[in-house]
There are 2 protein chains.
Amino acid sequence: MSERAVTISEVARHAGVAVSTVSYVLSGKRAISADTRRRVLDSVRVLGYHPNAGARALASKRANVIALVLPLRVGMHVPVLMQFATSVVTAARQYDHDVLLLTADEGSDGLRRAAASALVDGLVLMDVELHDSRVPLLKDLAEPSVLIGFPADSAGLTCVDLDFARAGALCVEHLAERGHTEVALLGAPSVVYERGTGFARRTREGFAAAVADTGLKGVALSCEENFDQVSAVIAELLDTRPGLSGLVVHNEAAVNHVLGALRQHGRRVPDDIAVVAICPDDIAERSSPPLTSVLIPAEEVGRQAVRLLMEKLEGHVVPEDTLLQPWLTVRDST
Amino acid sequence: MSERAVTISEVARHAGVAVSTVSYVLSGKRAISADTRRRVLDSVRVLGYHPNAGARALASKRANVIALVLPLRVGMHVPVLMQFATSVVTAARQYDHDVLLLTADEGSDGLRRAAASALVDGLVLMDVELHDSRVPLLKDLAEPSVLIGFPADSAGLTCVDLDFARAGALCVEHLAERGHTEVALLGAPSVVYERGTGFARRTREGFAAAVADTGLKGVALSCEENFDQVSAVIAELLDTRPGLSGLVVHNEAAVNHVLGALRQHGRRVPDDIAVVAICPDDIAERSSPPLTSVLIPAEEVGRQAVRLLMEKLEGHVVPEDTLLQPWLTVRDST
DNA sequence: CGCCTCTGTCGAAGCGCTTCGATAATCGGT
DNA sequence: ACCGATTATCGAAGCGCTTCGACAGAGGCG
């Protein structure tokens, strides 16, 4: 157990300067001579000084903490969410901010409480639905916020996401280039569409648009996440659409079941059926065969979200919509 | 955008009492007449007062925030970690605390910083390794901490975890009762064992001990997470151990690959081979057939960890080791 | 009826920091 | 060598809350 924490006035005394001088050295908000700066920083090091977060927040009206609002709903692929979360934390640290984790169980009250108590300076919301109950609240919160994902009415909000419509289209275009003429999309579980989760719908729209543009035949289906149901869907698909030779899978939990089901039904990938997935690279690489895939740049999304939030905290105006371009990696499944 | 935040003195004025009286009403630390209490609470509601977290932390020396330290290492199953994380957040809120998310990239410095700056009152560490670099630091931190998982030397630390040794044993005992005589454990990827992650080793030890106790034949293998490698291991196993009829799988990412590989090699579950998994219920239920499994009581672990931390924050002495009992659910795979 | 003990409330002193205005000291220009 | 502009530093006033000691009034008791 260590002793009482070192305060700024002890540092000041040790360095032979005023408290305010130490503060200015640390914040860089006023010019300080090289000599004084060095003495102060030495004292900081020697004494092991860490500014008290509460006192700093109180005096400066900035907690240097942002909230990460992360509801954990069924049907969401958790590892991807965690990639977002991790990159948000990492990016926030780069701006000298910490991250407070808020989950769904408190509902909007949690957001209101964290914001109103000045616990956090701003909010990053993940897993945004088309009609998200948290969104109206955001608009009358004093604290700035950034959404990862798009609600139906994103006017006045700052949103970041992968361009899922483009991702869906990219998959179709890739299959078209490979000469396939009939394709299918296996998407999220139906509950996700019903809930109106934006990314699932937008992928489906992009898929449909590209199918129309390229003149392919194509269907979009929802896809549950247990093996037997996946297997049944695949069987049905193979049965009713003999010309089908390309599959787009946008469901991280089901993608291995899809491969298993194809194997079970005697179809070889890619010889009989080509498969392209929208999923993280590690899942694509771990499959057999390794899958051609469009990856979700979680890292980049998190970083951009934080960057935008920091801009807003500085009082700058930022673009409302940020769409990141998807990237397709060809592997052995197409 | 809302206007400047309401302060305690505005509440006091509105209610016609002193600031300190409002504080005592809210904290309950001194007796207040029913009448005054009601007036104050009314004012709080009418004005929409939320105490300023920074000011409160500064004055009371308690931030009412705990840190959740969550390194995200390869080979760890993220959904399970998130179950822990979620239950920690939920439990913390029950004690009126919030959760600050710390990840690995800052290393131990992040812990030191958060603790020294009084940003957090205590720490919950997840995914603890046998020789964890964060552990020595904990011992000389003034802030109390609780570990989820056990390091090699847990003396002086408060640790909570599922009794993985018992979980491994439970699986073996279940298979023995079902009449199997030769079994195998497919565990974590080898990197996880090499890193010395406690739970993986303890499961293996429990498995080995139970194999010895019950007089079965058994091997424990590590298990990578891509389909082709799993398939190869299964092939080898079936080939070299014709008597093998029971499999224990302790690897969430590989469990579906195992089932796929068995199918591929023409083995039926449970008729030819019985499979029992150590994994969350949702994975077990989604497999085909649904798997008999020992679940990891993530919810309970998180809750206990927070409870212990709160006890320590109150200055109470708590038991060093808390092992939660595993529970086996029989489904269709055995 | 006077004394003592509770109860309920108040005022004021910080908690450790940031920031504003003031003040010295230094400098270049003439 | 003098003046105004700069540069570097200081002191003090809060930020909004908790908590300590004080104290008035109510109530119990002999």
Side-chain angles (χ1 to χ4, degrees), chain A residues 3-41 43-44 47-65 96 113 115-119 121 142 313, chain B residues 3-41 43-44 47-65 96 113 115-121 142:
Chain A
E3 54 297 329
R4 216 191 73 279
V6 180
T7 72
I8 197 174
S9 64
E10 300 177 50
V11 174
R13 196 173 323 127
H14 187 271
V17 298
V19 163
S20 51
T21 301
V22 176
S23 177
Y24 287 124
V25 166
L26 262 20
S27 71
K29 295 197 178 173
R30 279 198 186 176
I32 295 287
S33 68
D35 181 58
T36 306
R37 147 172 286 106
R38 198 186 33 66
R39 279 214 322 286
V40 169
L41 292 178
S43 299
V44 164
L47 300 179
Y49 169 69
H50 286 267
N52 178 292
R56 192 211 282 269
L58 179 57
S60 68
K61 311 201 153 305
R62 291 284 252 94
N64 274 35
V65 175
D96 194 33
R113 183 180 52 79
S117 66
L119 234 189
D121 304 320
L313 284 172
Chain B
E3 53 300 328
R4 218 191 71 278
V6 180
T7 72
I8 198 175
S9 63
E10 301 177 49
V11 174
R13 196 172 323 129
H14 187 273
V17 299
V19 162
S20 51
T21 301
V22 176
S23 177
Y24 286 124
V25 166
L26 262 19
S27 70
K29 295 196 178 173
R30 279 199 187 175
I32 296 288
S33 69
D35 181 56
T36 307
R37 147 174 285 106
R38 199 186 33 65
R39 278 214 322 287
V40 168
L41 293 178
S43 300
V44 164
L47 300 179
Y49 169 68
H50 286 266
N52 178 292
R56 192 211 281 269
L58 179 57
S60 67
K61 311 202 155 302
R62 291 286 251 94
N64 273 35
V65 174
D96 193 33
R113 184 179 52 79
S117 66
L119 234 189
V120 303
D121 304 321

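Chain naming here is simple, since letters A, B, ... match the order of the sequence lines and numbering starts at 1 in each.
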**OP:** Starting at atom CG of L26(A), determine the distance to atom P of dG16(C), rounded to an integer number of angstrom.
**Re:** 16 Å

Original post:
Whole Å only: how far is the CG atom of D35(B) from the C1' atom of dT7(C)?
Top reply: 14 Å

**OP:** Just compare dT18(C), dC17(D), dT9(C) and give me whichever is closest to any side-chain atom of S23(A).
**Re:** dT18(C)

Subject >> Residue mapping more 5' on DNA chain D - nearest nucleotide basis, T21(B) or G54(B) >> reply: G54(B)

**OP:** Could you check if a side-chain atom of V17(A) sits within less than 4.5 angstrom of a side-chain atom of V22(A), using non-hydrogen atoms only?
**Re:** yes

Original post:
dT19(C) C1' sits how many Å from I32(A) CD1, rounded?
Top reply: 13 Å

**OP:** Answer yes or no: is there a donor N or O on one side and an acceptor on the other, between the side chain of N64(B) and the main chain of D96(B), under 3.5 Å?
**Re:** yes

**OP:** Report yes if a side-chain nitrogen or oxygen of S27(A) is closer than 4.0 Å to either non-bridging phosphate oxygen (OP1 or OP2) of dT18(C); otherwise report no.
**Re:** no

Original post:
Within the pair K29(A) and dT18(C), is there a side-chain N or O less than 4.0 Å away from OP1 or OP2?
Top reply: no

Original post:
Do V65(B) and L119(B) come within less than 4.5 Å of each other through their side chains, counting heavy atoms only?
Top reply: no

Subject >> Nearest-Å distance for atom pair CD/C1', residues E10(B) and dC17(D) >> reply: 14 Å

**OP:** Mind calculating the distance between CD1 (I8(A)) and P (dC10(D)) to the nearest angstrom?
**Re:** 12 Å

Original post:
Do L26(B) and L41(B) pass the side-chain contact (heavy atoms from CB on, under 4.5 Å) test, and can you show the C-alpha distance, the side-chain angles, and the key distance before you say yes or no?
Top reply: CA-CA 8 Å; L26(B) 262 19; L41(B) 293 178; 4.1 Å; yes

**OP:** Check the distance between dT19(C)'s C1' and R56(A)'s CZ and give it to me in whole angstrom.
**Re:** 14 Å

Subject >> Heavy-atom pair of closest approach, residues I32(A) and R37(A) >> reply: O-NH1, 3.4 Å

Subject >> Nearest-angstrom distance from the residue atom CZ of R39(B) to P of dG8(C) >> reply: 14 Å

**OP:** Side-chain contact test, heavy atoms from C-beta onward, threshold under 4.5 Å: evaluate it for V6(B) versus V11(B) and give yes or no.
**Re:** yes

Original post:
Just by modelled atom types, is the R39(B) backbone N or O under 3.5 Å from a matching donor or acceptor in the S43(B) side chain?
Top reply: yes

Subject >> Separation of dG16(D) P from L119(A) CG (nearest whole Å) >> reply: 16 Å

Tabulate protein N/O versus nucleotide N/O from nucleotides 11-15 of chain D, keeping only pairs under 3.5 Å, one per line.
| from | atom 1 | to | atom 2 | distance (Å) |
| --- | --- | --- | --- | --- |
| dG11(D) | N7 | S20(A) | OG | 3.3 |
| dG11(D) | O6 | S20(A) | OG | 3.2 |
| dC15(D) | O3' | K61(A) | NZ | 3.3 |
| dC15(D) | O2 | A59(A) | N | 3.4 |

